[in-house]
Structures are given as C-alpha cells and as structure tokens.
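Worksheet for the structure shown next.
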Protein chains: 2
Amino acid sequence: MGVDPGSRMTGYGILRFHNNQYHHITHGTINVASLPTLAQRLRVIHETLYELIETHKPRTVAIEQAFVHKNPKTALILGQARGAIIVAVGRAGLSFEEYTPRQVKQAIVGYGAAGKEQVQHMIKALLNLELEPDSDAADALGVAITHCQTGSPLAQFARRSRTRKSSFRGMKIDDR
Amino acid sequence: MGVDPGSRMTGYGILRFHNNQYHHITHGTINVASLPTLAQRLRVIHETLYELIETHKPRTVAIEQAFVHKNPKTALILGQARGAIIVAVGRAGLSFEEYTPRQVKQAIVGYGAAGKEQVQHMIKALLNLELEPDSDAADALGVAITHCQTGSPLAQFARRSRTRKSSFRGMKIDDR
C-alpha cells in the first residue's frame, strides 16, 4: 500500500507484487477539505486508511516522504496529517517505509525531476489502468511500486540499468 | 482534559470543573522515547489518550498549541505527534481547543513568561496535589485549567482583573 499524505488530499493505492508483476487492486483520494474541524479531517484520513488496511491487509505501507518545507507552519500541518496516517499503520500492527518524491519519480519515470503528468502516464501504463489516476493517487501507487522495486532482485537490476542514463527507457525492464 | 503534545513525552491531565472549583482526576506522561519505530511511538500516544478519553469521557479537550519552531523538521515531527493526539480526540467524537504556552502561563501563574517550576508549583496549589506533577503533566493540567477559565464567568472577571497589572496576585481570584 502506498500513501501520499496531505492535509486536504491524501492519495492511496494498493497493489499486489507477485512474480515481479504488479497487480492493481485499488486506489483513490481522501478529500477532507470540506470538513469543518481539524479533528474531523484527521479522523477521516485516519479511519479511511485504517479501514482500507483492515480490508486489504497489505504486508507493508510505503509513505511518500515529506518534502521538507521552508515554512514551519506548513510542516506542522503536514505533520499532523502524517501522524493520522502513521497511527492507522501502527494500529494495524504494520510498519512503513518512506520514499522521497524524487525517488518515486526516478523509479516510475526514470527521471527524478519528472512532472506529475509523466508519473500519472507511467502509472497507467505500468498497472494497465483504463484511465490515468489523479495526481495524489498516482503518487501513492508510485510510492507503492517504488517500495516493491526496492529490495527485489528486479530493483537491483533496474538501479544498475539506470546508472547507464537510460532515463525514460530504464522503465522498460519493469514493464510486463 | 488537557494535553501537552511531544514526540517523546506527552503530558495529559484530567480534571472536573464544577461550581468554579477544580477537582483533579488524573494526570501523567506518555513516554515513547524508548520505542523503536515511529509507527509504534505514535500508536502508543494515540491509544493511551484514546483509552483515557473512553474511560473518563471528558467533555472537551484542550491542547497546548505548538510553539512555531524555526526548524521545519522539528515542526514536522511535532506535527506527527499532534496528529496522533488529534485523531484520538476525533475518534472519540470530541472537539478540541488550543492555547499557547503563553496563555497557559498567564492563566496559571498570571505571567506569560513564567518558568516551568512556577507552573508546576501553582498547579500543585490550585489542585491541592500532594506532589508537584512533572513538567509535561503540569502543562497539560495547566492547559485544562486555562480552558475552564476561558468562557466561564470567572474567566471574564479574571481577565479584567489581569488588565490591572495584578500579575501574580491576579491568580488569587481563581484560588479556592
């Protein structure tokens, strides 16, 4: 399970990684922008993710690492959303790993400074989706894929191949 | 219920405010510094506060507002602990209020730049405790008392009297 935390929009994506193949299970966004209180917003982020974990029982959770904001106030607000998410992971008895946006873009597009559209496009292709997921869900699926690649034998090969500056074409080896 | 959030030590305090009198119920600190993962630390903060809320069913929760750190990384870490706390409040169907450390010191000691020891000393006196609570729990009880004062008729009077520069003696009116 991958999660892209946000105080208003949190993306999630669940996939199965088996025999070096990705099987898309579900993805979505949790939009709490219209809820009036912080307690309600964090509760909904938390409960939604907790229910998803209880339903799909992922083996692990990968969370997109916070971009370290220059603004401490923004960092505090994002931290609160991350706290709500991490408590859902902890309550389910799971651990989590973190990946930076750059690592995710590198893993998905083969280029750490790739744009959001490129990530969405590649996620659709990698998971054989009919439509491109929206940006938060695409990032969440992206961080899940990044986690699957890291530590798998495929990942080692992918990393080596990327050092040859294969950039976009580097992804080919992960494509089914 | 008052809470003083921290990523390692979180203080809590529960009291009953009835007929303009404070009745101490419980207080303590949640020390998660020795737990190995962030998921475990946030889970323990969350579950402990959630169980306390379920047991004591406070009418509302007052949280000490984050001192806005200059360091965004520190703000993110504190935000995560706050998220774990606020989700416990939200799951219990409660709302919360926030007070700055300065407001708490002003309410408890009558002086916004008071030291930790002064807060601990006054909390012991106000609640007829046998011992001074440790600093995090004292701050938590302090924020709970601050909340009781705000909005009560006593509070209006206390605020007016404080504008007369009564400083420390301003507390007298809240003393039983």
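If you're wondering where the values come from, they're calculated on a predicted model, not measured in any experiment. Per chain, numbering begins at 1; letters A, B, ... match sequence-line order.
- A/Tyr50 and B/Val44 end up in different hydrophobic clusters when Ile, Leu, Val, Met, Phe, Trp and Tyr side chains are linked at under 4.5 Å.
- By number of non-hydrogen pairs under 4.5 angstrom with chain B, the leading residue of A/Leu38, A/Ile85, A/Thr37, A/Leu94 is A/Leu38.
- When hydrophobic clusters are built by joining Ile, Leu, Val, Met, Phe, Trp and Tyr residues whose side-chain heavy atoms come closer than 4.5 Å, directly or via intermediates, A/Leu42 is grouped together with A/Ile86.
- From A/Leu76, atom CG reaches atom CD of B/Gln65 across 9.0 Å, with rounding to the nearest 0.5 Å.
- In terms of hydrophobic clustering, with Ile, Leu, Val, Met, Phe, Trp and Tyr side chains grouped at heavy-atom distances under 4.5 Å, B/Ile30 and B/Leu35 are assigned to a common cluster.
- Heavy-atom distances place no part of B/Gln40 under 4.5 Å from chain A, backbone and side chain included.
- Both B/Ile53 and B/Tyr12 sit in one connected hydrophobic cluster of ILVMFWY residues. Membership requires side-chain heavy atoms under 4.5 Å apart, directly or through other members.
- Atom-to-atom distance recorded for B/Arg91:CZ and A/Arg91:CZ is 3.5 Å, nearest 0.5 angstrom.
- Between B/Arg43 and A/Val87, the shortest heavy-atom contact is N-CG2, 4.5 Å.
- Here the closest non-hydrogen pair linking A/Ala75 and B/Pro72 is CB-O, 3.3 Å.
- Linking ILVMFWY side-chain heavy atoms closer than 4.5 Å, directly or via other members, places B/Val143 and B/Met9 in two distinct hydrophobic clusters.
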